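Beneath this line is the structure, given in structure tokens, with notes to follow.
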Protein chains: 2
Amino acid sequence: MPSTDDILDVAAAVFAEMGYAGARVDEIAKAANVNKATLYYRIGDKDALYEAILKRMFAAKVANMEHMLKTFDDAEDRVRAFAAVLVDDEHPEHFSAIMLREIANGGRNLPDSILPFMSRLIGVLEQTLADGVAQGRFKPVNPFMIHMILVGACTLYATNGPIRRRVAKITAHDSWLNAELPISQVARAIAEMLLGGIRSS
Amino acid sequence: MPSTDDILDVAAAVFAEMGYAGARVDEIAKAANVNKATLYYRIGDKDALYEAILKRMFAAKVANMEHMLKTFDDAEDRVRAFAAVLVDDEHPEHFSAIMLREIANGGRNLPDSILPFMSRLIGVLEQTLADGVAQGRFKPVNPFMIHMILVGACTLYATNGPIRRRVAKITAHDSWLNAELPISQVARAIAEMLLGGIRSS
DNA sequence: GGGCATCTTTCAACCGTTCAGTTAAACCAA
DNA sequence: TTGGTTTAACTGAACGGTTGAAAGATGCCC
């Protein structure tokens, strides 16, 4: 019999792949090998299921991010690590796809209980950048803009594989589109490019 | 009596706000003040409606982008203009929200007929960057990565308003989140930061 | 212009399917 | 036997899509 955590794993995958509106409770129950009523008994309705997934996902991400702050002291290393943690899904967490959908959706299905996690995530970056500016390493920048660049570029790359491959197939000059770089490497490159843009020269 | 174009305007807004799976054909018909059967007679089913919107949207975006190439000669100006055109929705086109959803969705509802437009969009940036490198202005870079940064950061900012405001409300240290910068200004800042990262110093 | 036929456009009502959520019975361990 | 847990079957609402008949529009011959 699958544990509640197993069910959440399956549900996260379905929500990530299909979105909230596209996800089917029947499909989640079937894929998790539990009866739909069991799912309702153990977790609750579709909203509760979604909230449970988000909570688990964000709690892990925030914990990793705040641990990262303790691990690195150098401001540039922290920016690199921020990008790395952002795209690092330990169990397949599907963080990027779910975040992207939620933002495009205007947070219509985002429960209030998740907002503090998001606030702390931005807080980590805000502190990192402020420290860098205080040390004279970075130009003064809007941390929220940096957040958009990092999160946007990383999550977009993390999720655009299927479309990229289709576009590559019809593009004559396809050298770059076919690269298939691992997301960790892309996150690194994005962080590096960003650092080039904010370093006080 | 609303024209077919009027219907497409309304449908684009609904698809942008609710996503493909979340959009209701009945709702589109009602909001456009036409009977549902009229919509089916004039345009076709949900897929055809979605394809018509995407075609109109991408054709306009690609045309603007290729016109931009003729307007600007300087490589840096072209990168700035690329970002500006990306976020510029002349009629409220909802380009960003629909693109973001489509990517997060793995392009499941993206018809093949749209792929050439996407290819040309990337082509414009590829050419811009290649010219810049040839002129010794830019470091050699992966244009697709640049594309991810520009599209990711711009579209994310263009659509994250509702969530940003909710997070700002619960964040004590809210100075940056409350900025409410116009998207054109943000696109400019992102382009500028990016240029800082790729300029051959 | 008047009469008539043909094509286009509109509409309310309807159909089969799918969905989230419920029920009541069955199961099982203590 | 009791109380927590699981199940197949069910429900009512909502969905995408269809229909057939009525209302306009268009053209054409006299």
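These figures come from a predicted structure and were not determined experimentally. Naming: A, B, ... by sequence-line order, numbering from 1 per chain.
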>> If you apply the rule salt bridge (charged side-chain N to carboxylate O under 4.0 Å, His left out), what do you find for Arg78(B) with Asp131(B), and how did you get there?
In response: CA-CA 10 Å; Arg78(B) 282 183 175 174; Asp131(B) 287 356; 3.0 Å; yes
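- Side-chain contact annotation: Asn160(B) with Arg164(B), donor-acceptor N/O pair under 3.5 Å present.
- The side chain of Thr38(B) approaches dT10(C) more closely than any other nucleotide in the set dA20(C), dT10(C), dG16(D).
- A donor-acceptor contact under 3.5 Å is not formed by the side chain of Asp26(B) with the base of dA14(D).
- Closest to the Ala37(B) side chain, of the nucleotides dG21(C), dT7(D), dT19(D), is dT19(D).
- In this structure, Lys30(A) places its NZ atom 18 Å from C1' of dA20(C), rounding to the nearest Å.
- At the heavy-atom level, Ala29(B) lies nowhere under 4.0 Å from the strands shown.
- As judged by a 4.0 angstrom heavy-atom cut-off over every strand, Asn35(A) is placed among the base-contacting residues.
- Comparing dG17(D), dT7(D), dT10(C) against the side chain of Tyr40(B) picks out dG17(D) as the nearest.
- Contact annotation: side chain of Lys36(A) to base of dG21(C), donor-acceptor pair present below 3.5 Å.
- Residue Lys46(B) has its side chain nearest to dG16(D) when only dG16(D), dG4(D), dG21(C) are considered.
- Here Ala23(A) lies in heavy-atom contact (under 4.0 Å) with sugar-phosphate atoms only.
- Between the CZ atom of Arg42(A) and the C1' atom of dG21(C) there is a distance of 18 Å, rounded to whole Å.
- For the residue pair Asp47(B)/Tyr20(B), the side-chain donor-acceptor check at 3.5 Å is satisfied.
- Protein atom OH of Tyr41(A) is 22 Å distant from nucleotide atom P of dA20(C), rounded to whole Å.
- Salt-bridge annotation for Lys70(A) and Glu66(A): absent, with no side-chain N of the basic residue lying under 4.0 Å from a carboxylate O of the acidic one.
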